[in-house]
Amino acid sequence: MSTFTVKAFGAESKTADLAEMNIERREVTPKDVEIEILYCGVCHSDLHTARNDWGGSMYPVVPGHEIVGRITNVGSEVSKFKVGDLAAVGCMVDSCGHCESCKQDLEQYCQSGFTGTYNGKDKHLGGHTFGGYSQKVVVDEHFVLSVPENLDLAAVAPLLCAGITTWSPLRHWNVGPNSKVAVVGLGGLGHMAIKLAKGLGAEVTLFSRTPGKTEDAKKLGADHVVISTEQDQMDAVRGKFDVIIDTVPYEHDINPYMQTVALNGTLVLVGFVGEFQEEEPSTRPLIFQRRSVAGSLIGGIAETQELLDFCGEHNIVSDIELIKMSEINEAYERMLKSDVKYRFVIDMQSL
């Protein structure tokens, strides 16, 4: 298969800083779209993969799965896009297309495993996929998304991961104007959960361990803030919430939050991937109020397009800090300290 070379930024090993390199992209096949990348969001997954925190990283790693750009070439059979269109690519660039999950537009749950935008198996060139910290990307049109023209393109980028990760459970659990939603954690995911739940008409509460985030949460659209370390405040919201979106990315005790879930309500984990070692969820609040604990992963392509269209209609984007490509290693260190409100986005013209 014919290829062309583009500049990228990636890591050669788990201990190496990200640095400039060249990678190969395939020439467009009949179903492909070629995108010049204008902006790429920075996700915690990028850092974890670059540093092999989860194991399984394939080097060199070129991260980036929050991609926004403009189409520069299309294959002969592409029907949904044309050269010059704005386009986006999220966490997936392929799936089997024929399992029950894929047939239901739930490619994120592909029973053969979806192909990640980076660190996935490259079905075309062999080896592994490279992400959006690069000049261009070539993707099957099914996995390419349309971007509303009215939105700030840089601030759209995090919608492709942080946005859809919180939108999918809000939609699956039917959040709307009569819903009471709580969000645990005010970071990249949490701030999007507040904005999107509010956009859907819900009454929104942030759980925070300290009062310092109250003003920011209310600016983002939260109606209330509950300090989770204050027992009287937790008691005041017992049995209140239809849905809790828990965005905390590390092991933590969910039992206090379970007491605040309403009858038939659900606490959805979207941030923590792993085993609860110490504070196992108690079955008592589950059984006696028919509450549920669930997990949720990004969204399918149709659902992600629905999100982008909704954000276009309601003028919802992420709160971002725009950085140059050369600042990515510093950004990773700041991200580990939660020193960003609320998502870094790379101006890819700086590459």
Side-chain angles (χ1 to χ4, degrees), residues 33 35 38-41 43 65-71 79-82 84-92 104-108 139 141-183 186 188-206 216-223 242-243 245 247 268 270 296-320 322 341-343 345:
V33 171
I35 301 167
L38 301 176
Y39 300 100
C40 187
C43 176
H65 59 200
E66 300 177 345
I67 298 168
V68 176
R70 198 169 289 278
I71 294 174
S79 59
K80 296 188 292 184
F81 301 97
K82 65 183 186 301
D85 286 349
L86 291 175
V89 178
C91 302
M92 304 178 286
Q104 295 178 61
D105 293 324
L106 298 172
E107 298 93 344
Q108 74 273 35
V139 182
E141 73 165 332
H142 178 75
F143 290 86
V144 177
L145 300 141
S146 297
V147 178
E149 295 272 356
N150 61 301
L151 296 178
D152 176 348
L153 293 186
V156 165
L159 299 179
L160 281 304
C161 180
I164 188 58
T165 297
T166 49
W167 175 258
S168 188
L170 291 171
R171 295 292 286 149
H172 180 75
W173 277 276
N174 300 311
V175 166
N178 296 317
S179 303
K180 291 180 171 60
V181 173
V183 177
L186 187 61
L189 293 175
H191 96 287
M192 285 310 310
I194 290 174
K195 289 188 176 193
L196 294 171
K198 191 64 179 176
L200 288 165
E203 179 182 330
V204 184
T205 298
L206 173 72
D216 285 347
K218 293 198 170 181
K219 284 180 181 176
L220 292 165
D223 299 290
D242 303 302
V243 177
I245 306 295
T247 72
V268 189
V270 298
S296 183
L297 177 74
I298 53 172
I301 297 303
E303 193 171 50
T304 307
Q305 188 63 62
E306 176 191 68
L307 162 67
L308 291 171
D309 294 343
F310 179 87
C311 289
E313 292 168 12
H314 294 81
N315 200 31
I316 295 173
V317 290
S318 297
D319 286 19
I320 67 163
L322 195 63
K341 288 186 177 178
Y342 285 94
R343 205 76 163 186
V345 173

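Hydrogens, waters and symmetry mates are skipped; everything else that's a heavy atom, side chains included, is used.
- For residues 150-168, there are no salt bridge (charged side-chain N to carboxylate O under 4.0 Å, His left out) pairs, not counting sequence neighbours.
- Judged as a side chain to side chain donor-acceptor pair (under 3.5 Å), and not counting sequence neighbours, the contacts of D223 are K198.
- At a threshold of 4.5 Å between non-hydrogen side-chain atoms, the residues C311 and L151 count as touching.
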Give the C-alpha distance, both sets of side-chain angles, the deciding distance and a yes or no for side-chain contact (heavy atoms from CB on, under 4.5 Å) between V68 and L160.
-> CA-CA 9 Å; V68 176; L160 281 304; 4.2 Å; yes
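- For residues 296-305, the pairs satisfying side-chain hydrogen bond (donor to acceptor under 3.5 Å, both in side chains) are S168-E303, Q305-D309, with sequence neighbours left out.
- For the atom pair CG of L170 and CG of L307, the computed distance is 10.0 Å after rounding to the nearest 0.5 Å.
- Between M192 and T165, the closest side-chain pair of non-hydrogen atoms is not below 4.5 Å.
- Counting non-hydrogen atoms of neighbouring residues, nucleotides and ligands closer than 6.0 angstrom, the NZ atom of K219 reaches no more than 12 such neighbours.
- Between D105 and I301 there is no side-chain heavy-atom pair separated by less than 4.5 Å.
- Of all non-hydrogen atoms in A88 and V147, the two that sit nearest each other are CB-CG2, 3.6 Å.
- One finds the OG atom of S179 at 13.0 Å from the CH2 atom of W173 (value rounded to the nearest 0.5 Å).
- Of the charged side-chain nitrogens involved, at least one lies within less than 4.0 Å of a carboxylate oxygen, so that D319 and K195 count as a salt-bridged pair.
- Annotation: side chain of E66 is in contact with side chain of R343 (closest heavy-atom distance under 4.5 Å).
- In this structure N150 satisfies the side-chain contact (heavy atoms from CB on, under 4.5 Å) test together with P148, N315, sequence neighbours excluded.
- Partners of Y342 by ring pair (Phe, Tyr, Trp, His ring centres under 6.0 Å), not counting sequence neighbours, listed by chain and number: H191.
- For residues 164-175, every residue pair satisfying the salt bridge (charged side-chain N to carboxylate O under 4.0 Å, His left out) rule, not counting sequence neighbours, is listed here: R171-E306.
- P158 is listed as a side-chain neighbour of V345, based on a closest heavy-atom distance under 4.5 Å.
- Atom-to-atom distance recorded for L308:CG and I164:CD1 is 8.0 Å, nearest 0.5 angstrom.
- H314 pairs by the ring pair (Phe, Tyr, Trp, His ring centres under 6.0 Å) definition with F310, not counting sequence neighbours.
- The side chain to side chain donor-acceptor pair (under 3.5 Å) search around K341 returns D216, not counting sequence neighbours.
- Residues forming a side chain to side chain donor-acceptor pair (under 3.5 Å) with E107 (at least two apart in sequence, or on another chain): H142.
- Remark: D242 engages no residue in a salt bridge (Lys or Arg N to Asp or Glu O under 4.0 Å) (not counting sequence neighbours).
- In this structure, the side chains of I35 and R70 stay at 4.5 Å or more apart for every pair of heavy atoms.
- Looking only at side-chain heavy atoms (C-beta outward), V175 and L200 come within less than 4.5 Å of each other.
- Applying the salt bridge (Lys or Arg N to Asp or Glu O under 4.0 Å) rule to K218 yields no partners; only residues at least two apart in sequence or on another chain are considered.
- With sequence neighbours left out, E203 forms a salt bridge (Lys or Arg N to Asp or Glu O under 4.0 Å) with K240.
- To the nearest 0.5 angstrom, I245 atom CD1 is 11.5 Å from I194 atom CD1.
- Considering OG of S146 and CG of L86, their distance stands at 9.0 Å, rounded to 0.5 Å.
- Atom CD1 of I67 sits about 10.5 Å away from atom CG of L145, to the nearest 0.5 Å.
- Between the side chain of T166 and the main chain of G163, a donor-acceptor pair closer than 3.5 Å is present.
- Counting all heavy atoms, side chain and backbone alike, V183 lies closest to A193 at CG2-CB, 3.8 Å.
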